[in-house]
Amino acid sequence: MEHASFLQPAIRDLMTEAGLSLSELSAVAVVEGPGSYTGLRVGMSAAKGLCYTLGLPMITVNTLEWMAEAVRNGPESMICPMIDARRNEVFTALYDKDLREILAPHALILDEGSFAEQLGQGTIRFIGNGSEKFQAVFQHRNAIFTPAESGPIHLSLIARSRFLQNLFTPVAYAEPLYVKEFHAPAPGRHLKP
């Protein structure tokens with residue numbers, strides 16, 4: 001709940017620890033989502049502020065792609081990261097081993113037919129906290145469920161590749177990738193009379 005107050009000091013501390021100044025940056029990479037609505041807004045705003053202030057290009061990376069990068073060297077032919085979106089829903093996408101998008105990021109209500117067509121074409125490694133829900137209701141010989149940890153190194157690998165290819169996101173038009181619109185209950189509905 002304190003994303004905004006934490007982020008700027010964390011950036012300062014990270015730069016100090018690395019012995020770098022902001023003027024030495026060549027670009028700013030940011031995870032665009034899906035994820036926490038507040039976290040995405042705060043992160044994107046901070047990245048845009050740095051880009052505008054320092055005149056730097058922006059690189060955006062989708063959360064699901066970032067997760068898939070952590071396991072792309074595995075033996076499976078496809079990677080399916082999943083983020084728990086509550087109830088039986090997940091935010092998910094499907095990538096091949098080269099991180100080419102097979103299914104774009106989307107919200108999906110899981111059932112026993114989810115990914116049936118793709119599982120008929122080869123093995124899929126399901127990762128992320130949403131995959132635990134799927135594993136509880138689904139089994140298939142081509143479905144591999146294993147934990148995976150994506151970290152800063154995986155984000156930097158994608159960002160470096162995009163930087164070298166000049167694949168930048170226009171700062172003015174960059175916005176969080178929510179996948180699904182935010183829905184908040186009407187004010188006061190949770191209060192008892």
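Just the heavy atoms: all of them, side chains too, but no hydrogens, waters or symmetry mates, feed the values below. Throughout, residue positions are numbered sequentially from 1 according to the sequence presented. Nothing here was measured: the structure is a model prediction, and the numbers come from that model.
Between Phe138 and Phe115, the distance separating the two ring centers is not shorter than 6.0 angstrom.
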Task: Working for side chain to side chain contact (heavy atoms under 4.5 Å, CB included), residues Ile83 and Thr63 - done: CA-CA 9 Å; Ile83 299 171; Thr63 310; 3.7 Å; yes
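Heavy atoms from other residues, nucleotides or ligands lying under 6.0 Å from CZ of Arg160 number 12 at most. In this structure, Leu164 places its CG atom where more than 12 heavy-atom neighbours from other residues, nucleotides or ligands lie under 6.0 Å away. Applying the 6.0 Å contact sphere to CD of Glu24 captures more than 12 heavy atoms from other residues, nucleotides or ligands. The number of heavy atoms from other shown groups lying within 6.0 Å of CD (Glu101) is above 12.
No path of Ile, Leu, Val, Met, Phe, Trp and Tyr side chains, each step under 4.5 Å between heavy atoms, connects Met67 with Ile102, placing them in separate hydrophobic clusters. In this structure, Leu7 is not a member of the same hydrophobic cluster as Met44, with clusters built from ILVMFWY side-chain heavy atoms closer than 4.5 Å.
Between the side chain of Thr53 and the main chain of Gly49, a donor-acceptor pair closer than 3.5 Å is present. No side-chain donor-acceptor contact under 3.5 Å links Asp98 to the backbone of Arg100. In this structure a side-chain-to-backbone donor-acceptor pair under 3.5 Å is present from His106 to Ala104. The backbone N or O of Thr123 lies less than 3.5 Å from a partner atom in the side chain of Ser77, making a donor-acceptor pair. A donor-acceptor contact shorter than 3.5 Å links the side chain of Gln165 to the backbone of Ser161. No donor-acceptor distance shorter than 3.5 angstrom exists from the side chain of Asn88 to the backbone of Ile109, with no hydrogens or angles considered. Lys133 places a side-chain N or O within 3.5 Å of a backbone atom of Arg87 that can act as its donor or acceptor partner.
Side-chain contact of Thr38 with Ser36: a donor-acceptor pair under 3.5 Å is absent, judged by distance alone. A donor-acceptor pair shorter than 3.5 Å cannot be found between the side chains of Ser131 and Gln135.
Using a 4.5 Å heavy-atom cutoff, the side chains of Ser150 and Leu155 are not in contact. Ile127 places a side-chain heavy atom less than 4.5 Å from the side chain of Val71.
One finds no salt bridge joining Glu69 and Arg162 here, because no Lys/Arg side-chain nitrogen approaches an Asp/Glu carboxylate oxygen to under 4.0 Å.
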